[in-house]
Amino acid sequence: MKFNTKTIHGGQITEKGYGAVMPPIYQTSTYSQTSPGKHKGFEYSRTHNPTRDALEKSLASIESGKYGLAFGSGLAAIDAIIKLLSPGDEVISTNDLYGGSYRLFTKVFEKYNIKFHFTEMNNTNSVLELINPKTRLIWVETPTNPMMNVIDIKSISKIAKSKKILLAVDNTFASPYIQRPLELGADIVMHSATKFLAGHSDVILGALIVNDDQIAEKLYFIQNASGAICGPMDSFLTLRGIKTLHVRMKRHCENAKKISEYLTENKNIEKVYWPGFKTHPNYKIALEQMYNFGAMVSFKPTGSNFNKAVKIVEKMKVFTLAESLGGVESLACHPASMTHASIPKKMREKSGVVDSLIRLSVGIEDSDDLISDLEQALN
Ligand SMILES: Cc1ncc(COP(=O)(O)O)c(C=O)c1O
């Protein structure tokens, strides 16, 4: 199956009861048994649920993986990955990453004696320099949030494989329509499916996809043992969202291109961050590993500061000022006070997340309306 067919049919079976085309929402916690241990494959919904099962198979299919796992949120999915590690282990992570991932790493897992190193990964040497016998995991977010750096997954995966280190990629910003990390050598793909996968700003859900049998077994164990699973209704909504992923992403990318070009030509803008520009420092890698450039765009207005940036996002009308991204509606965010507020100012600014930065998640409205909205907010 090609990708656009996988989004609709990948891993799906015809429902046995009535031939329902969409998997029913199996809103049940438990399943009847004819004798202890004798059942139809499901015994308790933390462990397995048919609606979640359908979603997990779809996730595996669209990410070119063997196994999919769904969680109650993106952070719950990341939490499960870090639980593969033991006290004393070390992780090397992108320094420009979602603030919540940073918070989970530093405020929750450092207490359990797992050490995190944060570095820019544009140059693979910076990763090599941090590797030591305790390194167990490399955490890559690409494109990075919110600076849109593109990290070379293939090169990092070569390093990881040669040192027997796991490579996990947060593929939330790209979605598998644009980038499929398992095909590039990653061991684990993670999604905040809350974003482009579900696509309609109506669900919080996380996903992991892997190929390796042993990693899958360990993650399924953690999923069941820790219990951070998603419910059947949210599984259904995400599965429904995935069915239109390819058509939504096509429009998202077209609109983001137009908006990035508009912003670059606007005299009130100092810098636009979008990996589709030939001048973007990682343009070559983006061309190689991504099928398109995505719907996320960040920019710095000329001579702006914290207050001016806040005023601009407040003035927007079609772009909604909100946390999150990846829905059909366009959103604007001020990372310094919102998504990245949990990262200390000094560290945040080192990776480029200055007080004047504004991040856009470009939706699928008419691009003329989006551009007019930016025009009135910026002038
Ligand atoms: C790149 C990235 N990873 C992970 C997460 C966490 O996902 P969730 O909010 O579904 O827990 C987010 C949320 O914004 C994100 O943007």
Side-chain angles (χ1 to χ4, degrees), residues 1-33 39-74 77 171-172 174-178 180 182-183 189 191-211 216 220 223 229-253 291-292 295 326-329 363-365:
M1 272 189 212
K2 299 241 172 81
F3 184 80
N4 293 352
T5 312
K6 282 183 179 179
T7 59
I8 296 163
H9 299 293
Q12 302 306 294
I13 50 160
T14 309
E15 186 262 329
K16 289 184 190 107
Y18 300 98
V21 168
M22 270 306 278
I25 301 161
Y26 284 94
Q27 194 71 48
T28 185
S29 58
T30 191
Y31 307 82
S32 68
Q33 308 193 8
H39 50 73
K40 294 181 176 167
F42 295 89
E43 51 188 8
Y44 188 59
S45 277
R46 174 165 27 77
T47 321
H48 291 295
N49 171 282
T51 319
R52 195 174 90 222
D53 236 39
L55 169 65
E56 290 180 332
K57 292 197 166 75
S58 166
L59 291 165
S61 170
I62 58 174
E63 275 290 4
S64 302
K66 224 165 131 184
Y67 305 100
L69 299 94
F71 293 83
S73 70
N171 203 26
T172 300
S175 92
Y177 175 81
I178 288 179
R180 295 193 277 281
L182 293 180
E183 292 175 6
V189 176
H191 276 280
S192 168
T194 312
K195 313 292 160 41
F196 292 103
L197 294 187
H200 295 75
S201 309
D202 52 9
V203 65
I204 300 282
L205 197 137
L208 298 180
I209 302 99
V210 300
N211 265 323
Y220 280 123
Q223 184 194 38
I229 46 107
C230 51
M233 180 71 194
D234 290 352
S235 301
F236 173 87
L237 285 172
T238 306
L239 189 62
R240 187 171 71 162
I242 289 172
K243 285 175 192 275
T244 55
L245 178 68
H246 51 309
V247 280
R248 285 186 286 110
M249 287 312 296
K250 185 168 183 292
R251 174 65 80 88
H252 274 297
C253 294
Y291 297 107
N292 208 318
V328 288
E329 54 289 289
I364 63 171
E365 301 95 335

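On a predicted model such as this, the values are computed, not experimentally measured, just so you know.
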Requested in this report: Compare all side-chain heavy atoms of Thr7 with those of Pro176 and state whether any distance is below 4.5 angstrom.
Outcome: no

Query raised in the report: If you round to the nearest 0.5 Å, how far is NE2 of His9 from OG of Ser61?
Result: 10.5 Å

Query - Stepwise side-chain contact (heavy atoms from CB on, under 4.5 Å) check, Val247 with Ile364 - result: CA-CA 10 Å; Val247 280; Ile364 63 171; over 6 Å; no

Query raised in the report: Taking all non-hydrogen atoms of both residues, which atom of Lys6 and which atom of Ser64 are closest, and how far apart?
Result: NZ-OG, 4.0 Å

Query - Polar side chain donor-acceptor pair, Lys2 to Thr5, under 3.5 angstrom - result: no

Requested in this report: Supply the atom-to-atom distance Thr194 OG1 to Asp202 CG, rounded to the nearest 0.5 angstrom.
Outcome: 10.0 Å

Report summary line: Closest non-hydrogen contact found for Ser235 with Leu55 is CA-CD2, 3.8 Å

Report task. Would you please test Tyr31 and Ser45 for side-chain hydrogen bond (donor to acceptor under 3.5 Å, both in side chains) and show each step? Result -> CA-CA 8 Å; Tyr31 307 82; Ser45 277; 2.7 Å; yes

Requested in this report: Sequence neighbours left out, what passes side-chain contact (heavy atoms from CB on, under 4.5 Å) with Gln33? Give chain and number order.
Outcome: His39, Glu43

Query raised in the report: What residue pairs, at least two apart or across chains, pass salt bridge (charged side-chain N to carboxylate O under 4.0 Å, His left out) with a residue in residues 234-248?
Result: none

Query - Gap between atom OG of Ser175 and atom CE of Met249 - 0.5 Å precision - result: 3.5 Å

Report task. For Ala54, enumerate each residue passing the side-chain contact (heavy atoms from CB on, under 4.5 Å) test, keeping only those at least two apart in sequence or located in another chain. Result -> Gln12, Pro23, Leu239

Query raised in the report: How long is the gap from CZ on Phe42 to OG1 on Thr30, to the nearest 0.5 Å?
Result: 12.5 Å

Report task. Give the C-alpha distance, both sets of side-chain angles, the deciding distance and a yes or no for side-chain contact (heavy atoms from CB on, under 4.5 Å) between His252 and Asn292. Result -> CA-CA 10 Å; His252 274 297; Asn292 208 318; over 6 Å; no

**Report entry** Partners passing side-chain contact (heavy atoms from CB on, under 4.5 Å) against Pro232 (at least two apart in sequence or in another chain)
**Finding:** Ile25, Gln27, Asn49, Thr51

Query - Minimum side-chain heavy-atom gap Phe3-Ile62 below 4.5 Å - result: yes

Query raised in the report: Is a donor on one side and an acceptor on the other found under 3.5 Å between the side chain of Ser192 and the backbone of Thr172?
Result: no

Query raised in the report: Heavy atoms, side chains only, cut-off 4.5 Å: are Leu197 and Leu205 in contact?
Result: no

Query raised in the report: Among all residues two or more places apart in sequence or in another chain, which pass the side-chain hydrogen bond (donor to acceptor under 3.5 Å, both in side chains) test with Arg46?
Result: Asn224

Query - NE2 (His200) with more than 12 external heavy atoms under 6.0 Å - result: yes

Report task. Starting at CG of Asn211, measure out to CD of Glu183 and round the result to the nearest 0.5 Å. Result -> 9.5 Å

Query - From Ile204 atom CD1 to Ser73 atom OG, the distance as rounded to the nearest 0.5 Å - result: 7.5 Å

Report task. Could you tell me which non-hydrogen atom of Cys230 sits nearest to which non-hydrogen atom of Ala70, and how far apart they are? Result -> SG-CB, 3.6 Å

Query raised in the report: His191 side chain to Val189 main-chain N or O, any donor-acceptor pair under 3.5 Å?
Result: no

**Report entry** Aromatic plane relationship, Tyr220 with Tyr67 - under 30° parallel, 30 to 60° tilted, over 60° perpendicular
**Finding:** perpendicular

Requested in this report: For Ile178 and Cys253, work out which heavy atoms get closest and say how close.
Outcome: CD1-SG, 3.7 Å

Query raised in the report: Under the salt bridge (charged side-chain N to carboxylate O under 4.0 Å, His left out) rule, what pairs show up with a residue in residues 51-63, not counting sequence neighbours?
Result: Arg52-Glu56, Asp53-Lys57

